[in-house]
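Notes to accompany the following structure.
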Protein chains: 2
Amino acid sequence: MARKQLHEQVGLRLAALDQRYTTSRRSLVEVLADTDRPMTISEILAARALPQSSAYRNLVVLGEAGVVHRVVATDDLSRFELSEALSGRHHHHLICGVCGMVADMDASPRLERALAEAAKAAGEGAGFEVTDHRIDLMGSCSDCR
Amino acid sequence: MARKQLHEQVGLRLAALDQRYTTSRRSLVEVLADTDRPMTISEILAARALPQSSAYRNLVVLGEAGVVHRVVATDDLSRFELSEALSGRHHHHLICGVCGMVADMDASPRLERALAEAAKAAGEGAGFEVTDHRIDLMGSCSDCR
DNA sequence: ATTCGTGCAAATAGTTTGCAGCAGA
DNA sequence: TCTGCTGCAAACTATTTGCACGAAT
């Protein structure tokens with residue numbers, strides 16, 4: 001999605017919640033749009049000077065607006081990425097167990113189909129309504145070997 | 001696995017690291033063997049009175065010994081389960097986005113095959129060596145609807 | 001005996017929040 | 001203009017650690 005349209009979309013989503021699209025929120029969206037992997041708070045702050053509390057607060061708001069998505073890896077750092085609704089790329093993650101790095105990985109149709117089937121079975125069995133999924137491949141990245 | 005053999009296995013794994021199989025460690029293993037879902041620290045402490053610090057410390061040791069495994073869901077509570085090497089059940093998780101509950105879900109062969117293929121492709125593409133994976137179905141549990 | 005584990009309390013790390021001043025629609 | 005956002009600092013929560021005592025080999 002072009003950068004301009006991206007901001008338009010974000011603006012709309014925020015407006016729907018009576019939230020303003022302020023400079024710091026725009027900053028956060030820019031940073032996340034510029035990268036191809038989920039970013040930690042410190043990475044975000046390294047890219048755009050911004051008080052931590054504003055970063056946290058705005059990421060919450062952007063999360064509620066469906067603009068950003070929180071990724072949980074294995075270390076205890078939150079990572080954030082643009083939501084798939086905005087990035088348009090359904091993907092999963094590679095997670096390095098040594099350094100904690102997280103990289104994006106494109107989804108495979110076959111995997112998605114198998115997953116949909118498993119989700120259906122799980123729902124029937126346990127009265128659980130599946131709305132989303134998360135697939136992570138764990139291992140070691142090239143820097144850690 | 002029978003309870004007695006389980007403790008034997010745990011004892012061996014701890015011994016391999018020059019660690020003793022003490023009463024509190026045995027307690028932790030028992031609690032985790034008695035349940036079918038990953039447990040938070042507070043759930044564990046509710047089941048067996050034990051100082052928090054001992055629980056945390058021993059879960060680290062049991063983790064290093066490959067006896068327990070830490071499960072990361074979406075809230076910021078660590079959850080622990082018996083490792084698959086000991087439980088013998090390869091499984092994935094259902095995670096409720098409302099209450100944070102985590103339940104076990106048996107793995108499906110088809111899903112595993114599709115995943116193995118995706119893992120191979122990812123490794124080739126990114127110089128990433130895949131050693132494990134994690135699949136979670138997110139949604140809402142029966143209690144939350 | 002000597003090494004390792006325990007329990008308490010204090011420390012730490014990441015994240016959240018109260019409040020006074022500032023800015024966007 | 002008026003409601004909501006910002007920035008600072010203090011608060012909070014989950015987890016980790018230092019240290020002196022106790023237990024296991």
Side-chain angles (χ1 to χ4, degrees), chain A residues 7-8 10-32 38-46 48-65 67-81 99-100 102, chain B residues 7-8 10-31 38-46 48-65 67-81 99-102:
Chain A
H7 285 306
E8 260 169 32
V10 175
L12 286 174
R13 282 168 180 262
L14 285 172
L17 288 151
D18 288 311
Q19 300 275 359
R20 297 167 186 162
Y21 196 15
T22 63
T23 311
S24 18
R25 290 174 185 176
R26 192 173 285 261
S27 261
L28 289 169
V29 170
E30 298 253 321
V31 175
L32 296 180
M39 297 184 83
T40 62
I41 291 282
S42 15
E43 288 168 344
I44 292 172
L45 296 184
R48 306 281 162 123
L50 192 67
Q52 265 199 1
S53 63
S54 297
Y56 278 112
R57 246 189 295 232
N58 284 321
L59 286 167
V60 169
V61 172
L62 291 169
E64 286 166 355
V67 171
V68 308
H69 179 244
R70 182 179 173 162
V71 174
V72 178
T74 50
D75 51 25
D76 44 34
L77 295 174
S78 288
R79 286 161 210 269
F80 297 86
E81 64 185 7
C99 66
V102 180
Chain B
H7 285 306
E8 261 168 32
V10 175
L12 286 174
R13 281 167 180 263
L14 285 172
L17 288 149
D18 289 311
Q19 298 277 359
R20 297 167 186 162
Y21 196 14
T22 62
T23 311
S24 16
R25 291 174 184 176
R26 192 172 286 262
S27 260
L28 289 170
V29 170
E30 299 252 321
V31 174
M39 295 184 83
T40 62
I41 292 282
S42 16
E43 287 168 345
I44 292 173
L45 295 184
R48 306 281 162 124
L50 192 67
Q52 263 198 3
S53 63
S54 297
Y56 278 112
R57 247 189 294 233
N58 285 321
L59 286 167
V60 169
V61 172
L62 290 169
E64 286 165 356
V67 172
V68 308
H69 178 245
R70 182 179 173 162
V71 174
V72 178
T74 48
D75 52 24
D76 44 33
L77 295 173
S78 289
R79 285 159 211 269
F80 298 87
E81 64 185 7
C99 66
M101 179 230 61
V102 180

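Everything numeric in this text was worked out from a predicted model, so none of it was measured. Hydrogens, waters and symmetry mates play no part in the numbers below; they use all other heavy atoms, side chains included.
- A residue-by-residue look at V61(A) and F80(B) shows that V61(A) has its nearest nucleotide of DNA chain D further toward the 5' end.
- Taking every heavy atom of both residues into account, R13(B) and A65(B) meet most closely at NH1-O, 3.4 Å.
- Between Q52(B) and L45(B), the shortest heavy-atom contact is CG-CD1, 3.2 Å.
- L14(A) places its CG atom 13 Å from the C1' atom of dG24(C), with the value rounded to the nearest Å.
- Between R20(B) and T23(B), the residue anchored closer to the 5' end of DNA chain C is R20(B), taking for each the nucleotide with the nearest heavy atom.
- For the atom pair CG of D75(A) and OG1 of T40(A), the computed distance is 8.5 Å after rounding to the nearest 0.5 Å.
- Residue-level contact check: Q52(B) touches the bases, meaning some heavy atom is under 4.0 Å from a base atom.
- Atom CG in L17(B) sits about 10 Å away from atom P in dG5(C), given to the nearest Å.
- One can place CZ of R57(A) at 9 Å from P of dT17(C), the figure rounded to the nearest angstrom.
- Applying the ring pair (Phe, Tyr, Trp, His ring centres under 6.0 Å) criterion to H7(B), with sequence neighbours excluded, gives Y21(B).
- Per the geometry, CZ belonging to R26(A) stands 15 Å off C1' belonging to dA23(C), to the nearest Å.
- The two residues L32(A) and F80(A) have their closest heavy-atom pair at CD2-O, 3.4 Å.
- Judged by closest nucleotide on DNA chain C, L50(B) is the one of L50(B) and R79(A) placed further toward the 5' end.
- No engagement by D18(B) is indicated, since no non-hydrogen atom pair under 4.0 Å with the nucleic acid exists.
- What separates CZ of R70(A) from C1' of dG14(C) is a distance of 10 Å, to the nearest Å.
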(message) Using side chain to side chain contact (heavy atoms under 4.5 Å, CB included), reason through I41(B) and L59(B) one step at a time and then give a plain yes or no.
(response) CA-CA 10 Å; I41(B) 292 282; L59(B) 286 167; 3.6 Å; yes
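- Residue R25(A) contributes atom CZ, which lies 10 Å from atom P of dA25(C) at whole-angstrom precision.
- One axis for each end of the helix from dA1(C)-dT25(D) to dA25(C)-dT1(D), each built from five base pairs, and the angle between them comes to 40° at 10° resolution.
- Residue V68(B) forms a side chain to side chain contact (heavy atoms under 4.5 Å, CB included) with just one option from L28(B), V61(B), V10(B), L62(B), and that option is L62(B).
- Across the protein-nucleic acid pair, L59(A) atom CG and dT15(C) atom P stand 10 Å apart, rounded to whole Å.
- In this model, the phosphate group of dT6(C) is approached by a side-chain N or O of T22(B) to a distance below 4.0 Å at OP1 or OP2.
- Across all their heavy atoms, R79(B) and P38(B) have their closest contact at CB-CB, 3.6 Å.
- When all heavy atoms of S24(A) and L50(A) are compared, the closest pair comes out as CB-CD1, 3.4 Å.
- Interatomic distance, R70(A) CZ to D76(B) CG, rounded to the nearest 0.5 Å: 6.0 Å.
- With rounding to whole Å, L77(A) atom CG is found 6 Å from dT15(C) atom P.
- Mapping heavy-atom proximity under 4.0 Å, the span of DNA chain D touched by chain A runs 5' to 3' from dT3(D) to dA9(D).
- Annotation: of the two residues near DNA chain D, S24(A) and D76(B), the 5′-most nearest-nucleotide partner is S24(A).
- The side chain of I41(A) sits closest to dT15(C) out of dG7(C), dT15(C), dG24(C).
- Residue Y56(A) has a polar side-chain atom (N or O) positioned under 4.0 Å from OP1 or OP2 of dT15(C).
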